[in-house]
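If you're wondering where the values come from, they're calculated on a predicted model, not measured in any experiment. Atoms within a ligand are numbered from 1 in the order they appear, just like the ligands themselves.
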Amino acid sequence: MAKIQMKTPLVEMDGDEMTRIIWQMIKDHLITPFVDLKTEYYDLGLVKRDETDDQITVDAANACKKYGVGVKCATITPNAQRMTEYNLKKMWKSPNGTIRAALDGTVFRAPIVVKGIEPCVRNWKKPITLARHAYGDVYKNAEIRIPGAGKAELTYTAADGSETRELIHEFRGAGVLQGIHNTDASITSFAHSCFKYAIDTMQDLWFSTKDTISKTYDHRFKDIFREIYETEYKARFEEIGIEYFYTLIDDAVARVMKSKGGFIWACKNYDGDVMSDMISSAFGSLAMMTSVLVSPSGVYEFEAAHGTVQRHYYKHLAGEETSTNSVATIFAWTGALRKRGEIDGIDALVTYANDMERAVLWTIESGRMTKDLALITSRDDIVVLNTEQFIQAVRKKYEEIA
Ligand code: NAP
Ligand code: MG
């Protein structure tokens, strides 16, 4: 079989620990035998980030902007313990944070649904994608512990020096105070990413906030979404038969629980943080979750939602057998290759990605899976595979169906 040819390179961002091991296995067994892989390689492993004073992360983010599609391996976000472990010059920032800031994106996460791993919510038949706004609100707040009686006010000083004031509270005793903000620019980016992603994946888009209570703040989100939808996306939504609707978050929660799935749920930062954990655990496992960062200018960065699986890596280093789930990392690759195929008009690459994903699902549905899934499956006739055996089983299945 001739290998599939690519036109534009993918931005490949390698990472750390067990996921770095899996990364290479996926390339060796599942990609390079079938695709003449073209990538621009960036090593975001901690050693290289330290060596380059993290310039490599900035370069990788710029390459994503240049080429439009990237795929990223999980990476270590250094903490005090990693400082000593890797003898680091500095406690480098999270690469995901750096890339997100550079691309100004929204993160979309969706569970990979497979027979035998059933969601806790029985009526969920299709994945629910959560789109989380990743800027501002309580994550960029200012807080004061109020010691005793006094007046708290919001003050905005305009560039010309004029002031606008609003009473927050007349404290009679001790308490707490918090100031939060967001910007029209960031909310606008968030909205564009959501509408684009809905069109891309042909799914309805739901958006929810608490605008009945927050009549200015949350209402601004609602208005910006509505305005952008009406002027820029409504026609396209109607053309392809998908729907945008806004509803109060309380109502959204009730509807989500009763739904069959198969839509995108956009949430403000805090709501998205909490709801994405709820959705992912109800669907099964972080290792069965796709994650893609979509920028308003149309850059796509695919990754796994989980971390570097450190405990498994240390076992691997000690020469012990591991059974690490590679599904999310495989889907990061197939997601990126499919997108590259779509943009460059390479049908064979799109078909390859679809077939490879089917091979993964069918391998699990045939009862062959890694240990983490064996623990939560509803089936009893299963074979537990180690890390490499699972990837090889997927390859065998792919060769049968391709
Ligand atoms: P983690 O790597 O996601 O692992 C947490 C635990 O979840 C693992 O110990 C394992 O449980 C289970 N698990 C996660 N992924 C798995 C998989 N693919 N297959 C099987 N089991 C899996 O999170 P962490 O231990 O909190 O973080 C480790 C490192 O990853 C940290 O340095 C952190 O900075 C980094 N991190 C990176 C990203 C990213 O780059 N996107 C995201 C999160 C964390 P058992 O050990 O019980 O088997
Ligand atoms: Mg969380």
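Under the 3.5 Å distance criterion, with hydrogens and angles disregarded, no donor-acceptor pair is assigned to the side chains of Arg379 and Thr377.
For atom 16 (C) of ligand 1, the candidate residues are Leu375, Thr387, Val309; the nearest heavy-atom contact is made by Val309. Considering Ala287, Ser94, Ala305 only, the shortest heavy-atom separation from atom 17 (C) of ligand 1 involves Ala287.
Within the structure, ligand 1 lacks Lys371 among the residues with a heavy atom less than 4.0 angstrom away. For Lys72, the heavy-atom gap to ligand 1 drops under 4.0 angstrom. Under the 4.0 angstrom criterion for non-hydrogen atoms, Leu286 is not in contact with ligand 1. Using a non-hydrogen distance threshold of 4.0 Å, Arg82 registers as a contact of ligand 1.
Taking the six-membered ring where tryptophan is involved, the planes of Tyr233 and Phe237 are perpendicular, since the angle between them exceeds 60° and thus also 30°. Taking the six-membered ring where the residue is Trp, Tyr352 and Phe34 present tilted rings, their angle falling between 30° and 60°. The aromatic rings of Trp124 and Phe283 lie parallel to each other, with less than 30° between the two planes, well short of the 60° mark.
Proximity of a side-chain donor or acceptor of Arg132 to a complementary backbone N or O of Met275 within less than 3.5 Å is not detected. Within the 3.5 Å criterion, the main-chain N or O of Lys210 finds a donor-acceptor partner in the side chain of Asp218. One N or O on the side chain of Asn79 and one on the backbone of Gln81 form a donor-acceptor pair closer than 3.5 Å. Checked by atom type and distance alone, the side chain of Thr32 pairs as donor or acceptor with a backbone atom of Lys27 at under 3.5 Å.
The shortest N or O to N or O distance between Thr324 and ligand 1 is not under 3.5 Å. Considering backbone and side-chain atoms together, Gln310 places no N or O closer than 3.5 Å to any N or O of ligand 1. The shortest N or O to N or O distance between Glu17 and ligand 1 is not under 3.5 Å.
For atom 45 (P) of ligand 1, the closest heavy atom belonging to the protein is Arg311 NH2, 3.3 Å. In this structure, atom 30 (O) of ligand 1 lies nearest to the protein heavy atom Thr308 N, 3.0 Å. Looking only at protein heavy atoms, the nearest one to atom 35 (C) of ligand 1 is Thr75 O, 3.4 Å. Closest to atom 34 (O) of ligand 1, if we only count protein heavy atoms, is Thr77 N, 2.9 Å. The protein atom (non-hydrogen) at minimum distance from atom 18 (N) of ligand 1 is Asn325 O, 2.8 Å. Looking at atom 48 (O) of ligand 1, its nearest protein heavy atom turns out to be His312 NE2, 2.8 Å.
Near Ala74, with a cut-off below 4.0 Å to any heavy atom, the atoms of ligand 1 are 40 (O). Against a heavy-atom cut-off of under 4.0 Å, Gly307 is close to the following atoms of ligand 1: 1 (P), 2 (O), 3 (O), 30 (O), 36 (N), 37 (C), 38 (C), 42 (C), 43 (C), 44 (C). Taking every non-hydrogen atom of Asn96 and a distance limit under 4.0 Å, the qualifying atoms of ligand 1 come out as 39 (C), 40 (O), 41 (N). The ligand atoms of ligand 1 that sit less than 4.0 angstrom from a heavy atom of Glu303 are 41 (N).
Taking a distance limit of 4.0 Å, we find that atom 12 (C) of ligand 1 is approached by no protein heavy atom. The protein does not reach atom 5 (C) of ligand 1 closely, with no heavy atom under 4.0 angstrom from it. Atom 25 (O) of ligand 1 lies below 4.0 Å from none of the non-hydrogen atoms of the protein. Within the 4.0 angstrom cut-off, atom 40 (O) of ligand 1 has one or more protein heavy-atom neighbours.
Between Thr8 and Val69 there is no side-chain heavy-atom pair separated by less than 4.5 Å.
Classification of Asp43 and Arg20 as a salt-bridged pair holds, one side-chain N sitting under 4.0 Å from a carboxylate O.
For the pair Ser94 and Thr77, the tightest heavy-atom approach, listed with the atom from each and the gap, is CB-OG1, 3.6 Å.
Cation-pi check for Lys339 over Phe302 is not met; the charged atom does not lie both under 6.0 angstrom from the ring centroid and within 45 degrees of its normal.
Here His306 has heavy atoms under 4.0 Å from ligand 1 in both its backbone and its side chain.
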Ring pair (Phe, Tyr, Trp, His ring centres under 6.0 Å) for Tyr229 and Tyr244? Distances and angles first, verdict last. CA-CA 8 Å; Tyr229 174 67; Tyr244 165 66; 5.1 Å; yes
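Checked against the 6.0 Å centroid criterion, the rings of Tyr135 and His181 qualify as a close aromatic pair.
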